[in-house]
Amino acid sequence: MKSYQYIIDYFENAPTIIQLVWVTIFIFFVAVLILTIQLKFLRSRLRKNEKTVAEYRKEYESDLITYLYAGNEEEEISAEQQIIIDKLRSCTSDDFKRRIIVSTLLRLRNDISGEMAEAIQKLYFQTRLISYALPRLKSKKWYIVAKGIKELKQFQVKEVHDEIVIHVNHHKREVRNESHLYLVSLFNFEGLKFLDDLQTSLSEWDQIQLLEVLQKFDDQEIPDINPWLKSENDSVVAFALKLAKIYNQFEVKDALIGLLSHHQKKIRVDAIHVLSHLHVVEAKDILKNNFDQLSEDEQIEFFKLLENLCETSDEPFLLAHTTHQNFEIKLSALKIIKTLAVEKFKSLKYFSTDADYVKIYEFLEYK
Amino acid sequence: MNTSTVQIILTIIHLLFFIYAFLAIASYVILAIISAIETKQYMKKNSFVNYKEILSSTISPSISIIAPAYNESLNIIENVRSLLSSHYVNYDVIIVNDGSKDDSLEKLIAAYDLVKVNFLINQQIHTKPIRAGVFKSTNPAFEKLTVVDKENGGKADALNMGLNISNNQYVACIDVDCLLLENALQKMVKPFLEVTEEKIIATGGVIRIANSCVIKNGKLLDVNFPKKWIEKAQILEYLRAFLLGRMAWSRLNGLLVISGAFGLFDKKIAIEVGGYDTNTVGEDMEIIVRMRRHMEEINQKYRVAYIPDPLCWTEAPDNYKTFISQRNRWTRGTIETLRKHRKIGFNPKYRSLGMLSYPYWLFFERLAPVIEVIGIVYFAILIALNEVRWDYAIAFIVLAYFFTVLFSVVAIFSEELTYHQYKKKGTGFKLLQISMLEPFVLHPFILYAAIRGNIDYYFNKKKKWGEMTRKGMAKSETN
Amino acid sequence: MSDAKKIVLAEDNSTLSLLLKFRLEKEGYKLLIAADGKEAIELIEQHNPELILTDIMMPFISGLEVISHVRNKLNLQTPIIVFSAAGQEEMVLKAFNLGANDFMGKPFSPNELVIRVKRLLC
């Protein structure tokens, strides 16, 4: 008791700074204590959750499978199916359970096609799971909106098109991305219309995702991409260039040639790349006559185009660039000469004494 | 000197110590808060991502994994197999055998049916010459593999060779003995593709400690918490550094270092700045500082991104000797980098790089051990002179201790809320236990190693240069 | 039931596994389910099944490694059908090179799978 009193006295008589320090220590100590206890709970909750999720998942999995095999020809919904619908429906009001049900349905929905996939979709409506997804579109929190769109996309709910299309220019990347994916996943090339009035930038990542979705469709009838190639939005132009390449859009070659004078370098380079892929011979002379005005990246890309499209008449041009200061261009020029005119190539052995030139020449000679 | 002058000087010294300690603590608290905000956002955003699509897309950008190897004969076959099993379409693996004196190359040739090929190298960065040549596999299953055998030049030189050889857009520079999870490349390349308003110059990954974990055929089968104090304490240290420190710095776009053990770079920029510096032991930190400096100088908006997911696992030192030599090297790496780029320090032209990141590193990473030792020496003198105000001393020591513990516990908490890698029952207790003990079992050694690093840097030049060629390379996950 | 033909199914999507198990057992086969490549290899070594169905992307040991193990280490000619997600064409080619007999791209129709299984097992 006495030592206790001593501590109190000491504390009261200590300088303010010391008092302050001890108060802080006390706060830290309590914080550590609280966090420790919380940590204990958190860890056991996480462990338990994992187990409960697994249990529920197992239960809903078998419900789902039973449902899928319990249908018959005569009735729309068999008695056995109705029991499962009622059971699942009663679980949907619980957030935790509903999430597991949705993810179980989706896991199967994503991997199978045909009648069964349609049956799963029907179940999504019958259990009224959809009535939880719809209000999410109006939420104030961006990630709830995004999650809602994602779920409706996965269950292919076409009816909410109008509510989702308003998000294509949403200020949060994730929301716009999900809405783009929704449109394209459900409406195929038709869904790409959102590009017409896209004000935000479409990142590479978004573009790759959209192209992946498009490639899954059997119907590959692509709409006119000319307007997108002429879009004010540079990222839309970049995306249209990818479409032009993947779907071999030879008919847009004029728009592509127009892009050779686009204000963004990356787009000019990509345009050369696509023109080369489509073997548009006209592009060659335009670029060749303009070669010295091009940036180095464009020049390199142009030489790649030449590898595809060159003719004997290009020889003087190539020869002039075997001593270009850029390694790749030198390599390209010599490589093309070798395929175009082997005799000429042989005569070039001592054409230059530049170290890179010699290295490249020897490499090509061996090949 | 009369007593009053001494008094004044002493007061000033005390005040300086006090201000330093206060700033250090304040910066930790601020970083923890920022990291909490950033982590929350990252987790939310990441919950939407479908990595499957990018992995299978043939238009996903090309990546080269560059892994330098020096006398790694023991595990090289396994390690390469792990690197070849990444779930990404458009990538290749370049193993740079940096003048190994063992049978690494023979083993690789035999295991992967390698043959020497005629290979044209655009030598944009100067390196030591090729020794035995460039090899490719005749087996189509290993078509992604290229092995380069060159003369020894150290880790930075080997990485530069990889930069010269790669034909891809991005390069992942890693330690060959690292275990990469299969989806590591997808996750690391994402920032490059999704950010449109700034140029991403590099992405840094997290290093997790693989000691005691079950690894088979290059795959991580089970995560275990190791037994030795030194290993446990390093796990805690890495959690703090990666989940709290780097997460916050990435938010502030102030990352000055990404782990040499696993980072993804925009190859063009890496070559533009001249590749890795072969004259430092801290090449992983140095190249980032140089790339940042370059971007500031050409006045282009840029960012160093960071992915906190546990994607790269590596063995940490399990004995004090290796640990001390590792940290000694890190210290010298930091000093060298900061000295080489002292021009950016406190230079408003470099904006937050010069006014925030650099000063922070200088004061709280570079000088912290020095100031701590000065403090200890000063304290010892006071004891000798019987001048210690024990009530002050004890109160502040206890305060420092509890703050450290609290910070560690917050880091553990953050780990549990995000990745929860140590799932086993009882590990939570062990993590708490080590956060109480770490100030005693690890910190003194870190301090010792840092001081040794300083001494070696300033007074032992021979060692500084000698080690580079002799040791060739060593693990480098700088913290 | 002892003469029912045995099929090992390696698939990390447990719901899909369960669905296929029901479907194929209705056809009179005996299904052994593995959640990853490691379990699959254990089941194959233990039961020597008549047919193997395996996903390509699985945790720990991939479908490709399962095929390679069956063909090269165990030297078995058991028919193998692989499942692959869209865009894994390269992997499918590898699977065929390693000795897979057939493949089904996800999403697939369970009915179609049954037809292919019957064709390989008759």
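As a basis for the values below, the full set of heavy atoms in this structure was taken, side chains included, without hydrogen atoms, waters or symmetry mates. So that the names make sense, note that chain A is the first sequence line, chain B the second, and so on, each numbered from 1. Computed from a predicted model, the values in this text were never measured in an experiment.
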Practice item. Please tell me if the side chains of B/Val49 and A/Trp205 come closer than 4.5 Å, counting only heavy atoms from C-beta onward. Key: yes

Review point. Can you tell me how far the NZ atom of A/Lys150 sits from the OG atom of B/Ser47, to the nearest 0.5 Å?
Key: 7.0 Å

Revision key, fill the gap. Heavy atoms of B/Ala395 and A/Ile18 approach each other most closely as CB-CD1, 4.2 Å

Check your understanding: What distance do B/Thr196 atom OG1 and A/Glu204 atom CD have between them, rounded to the nearest 0.5 Å?
Key -> 10.5 Å

Review point. Is it the backbone or the side chain of A/Gln207 that comes under 4.5 Å from a heavy atom of chain B, or both, or neither?
Key: neither

Exercise for review: Can you see which heavy atom on B/Ile121 is nearest to which on A/Lys359, and at what distance?
Suggested key: O-NZ, 2.7 Å

Review point. Side chain of B/Asn118, backbone of A/Phe363: donor and acceptor closer than 3.5 Å?
Key: yes

Point to revise | Side-chain heavy atoms of B/Lys425 within contact of A/Arg47, under 4.5 Å | key: yes

Point to revise | Any donor-acceptor pair under 3.5 Å from A/Arg43 side chain to B/Tyr422 backbone | key: yes

Review point. Within a radius of less than 6.0 Å around NE2 of B/His126, do more than 12 heavy atoms belonging to other residues, nucleotides or ligands occur?
Key: no

Review point. Side chain, backbone, both or neither: which part of B/Ser435 has an atom under 4.5 Å from a heavy atom of chain A?
Key: neither

Practice item. With a 4.5 angstrom heavy-atom cut-off, could you sort out which part of B/Gln123 is near chain A: side chain, backbone, both or neither? Key: both

**Study point:** A/Glu232 atom CD, neighbour heavy-atom count above 12 within 6.0 Å
**Key:** no

Review point. Of the backbone (N, CA, C, O) and the side chain (C-beta and beyond), which part of B/Leu120 lies under 4.5 Å from a heavy atom of chain A, both, or neither?
Key: both

Check your understanding: When rounded to the nearest 0.5 angstrom, what distance separates CD1 in B/Ile394 from CD1 in A/Ile25?
Key -> 10.5 Å

Point to revise | Nearest heavy-atom neighbours spanning B/Met436 and A/Val32 | key: CE-CG1, 4.3 Å

Review point. CZ of B/Phe429: more than 12 outside heavy atoms within 6.0 angstrom?
Key: no

Practice item. Pick whichever of A/Phe26, A/Tyr366, A/Phe29 has the most heavy-atom pairs under 4.5 Å with chain B. Key: A/Phe29

Point to revise | Heavy-atom check, side chain of A/Ile17 versus side chain of B/Tyr392, under 4.5 Å | key: yes

Check your understanding: Which distance, rounded to the nearest 0.5 Å, do you find between the CG of A/Leu331 and the CG of B/Asn122?
Key -> 8.5 Å

Exercise for review: Name the region of A/Lys245, side chain, backbone, both or neither, that has any atom closer than 4.5 Å to a heavy atom of chain B.
Suggested key: neither

Check your understanding: Contact part of B/Tyr401 toward chain A, heavy-atom cut-off under 4.5 Å: side chain, backbone, both or neither?
Key -> neither

Revision key, fill the gap. When every non-hydrogen atom of B/Leu193 is compared with those of A/Ser203, the smallest separation belongs to O-CB, 3.3 Å

Review point. Which answer fits A/Asn326, side chain, backbone, both or neither, if we ask what part of it has an atom under 4.5 Å from a heavy atom of chain B?
Key: neither

Check your understanding: Tell me, side chain or backbone of B/Lys424 under 4.5 Å from chain A's heavy atoms, or both, or neither?
Key -> backbone

Point to revise | B/Ser408, part contacting chain A, at a heavy-atom distance under 4.5 Å | key: neither

Practice item. Any chance you could measure A/Gln215, atom CD, to B/Ile59, atom CD1, to the nearest 0.5 Å? Key: 7.5 Å

**Study point:** Choice from A/Lys40, A/Glu50, A/Lys242, A/Glu328 maximising heavy atom contacts with chain B below 4.5 Å
**Key:** A/Glu50

Practice item. Under 4.5 Å heavy-atom distance to chain B, tell me which part of A/Leu35 shows up: side chain, backbone, both or neither. Key: both

Check your understanding: Could you state the interatomic distance from CG (A/Leu39) to CD1 (B/Ile412), rounded to the nearest 0.5 Å?
Key -> 6.5 Å

Study note, to complete from the structure: Interface check, chain A: of B/Asp391, B/Val405, B/Val410, most non-hydrogen pairs under 4.5 Å belong to B/Asp391

Exercise for review: Test A/Tyr143 against every option in B/Lys44, B/Gln41, B/Lys45, B/Met43 by the side-chain contact (heavy atoms from CB on, under 4.5 Å) rule and name the one that passes.
Suggested key: B/Lys44

Study note, to complete from the structure: Pair count under 4.5 Å, heavy atoms only, with chain A: among B/Val409, B/Leu417, B/Val398, highest is B/Val398

Check your understanding: Side chain, backbone, both or neither: which part of B/Phe407 has an atom under 4.5 Å from a heavy atom of chain A?
Key -> neither

Review point. Under 30°, 30 to 60°, or over 60°: which ring-plane class applies to B/Phe403 and A/Phe28, parallel, tilted or perpendicular?
Key: tilted

Check your understanding: Is B/Phe18 atom CZ crowded by more than 12 heavy atoms from other residues, nucleotides or ligands, each under 6.0 Å away?
Key -> no

Practice item. Decide if atom OH of B/Tyr28 counts as having more than 12 heavy atoms of other residues, nucleotides or ligands within a radius under 6.0 Å. Key: no

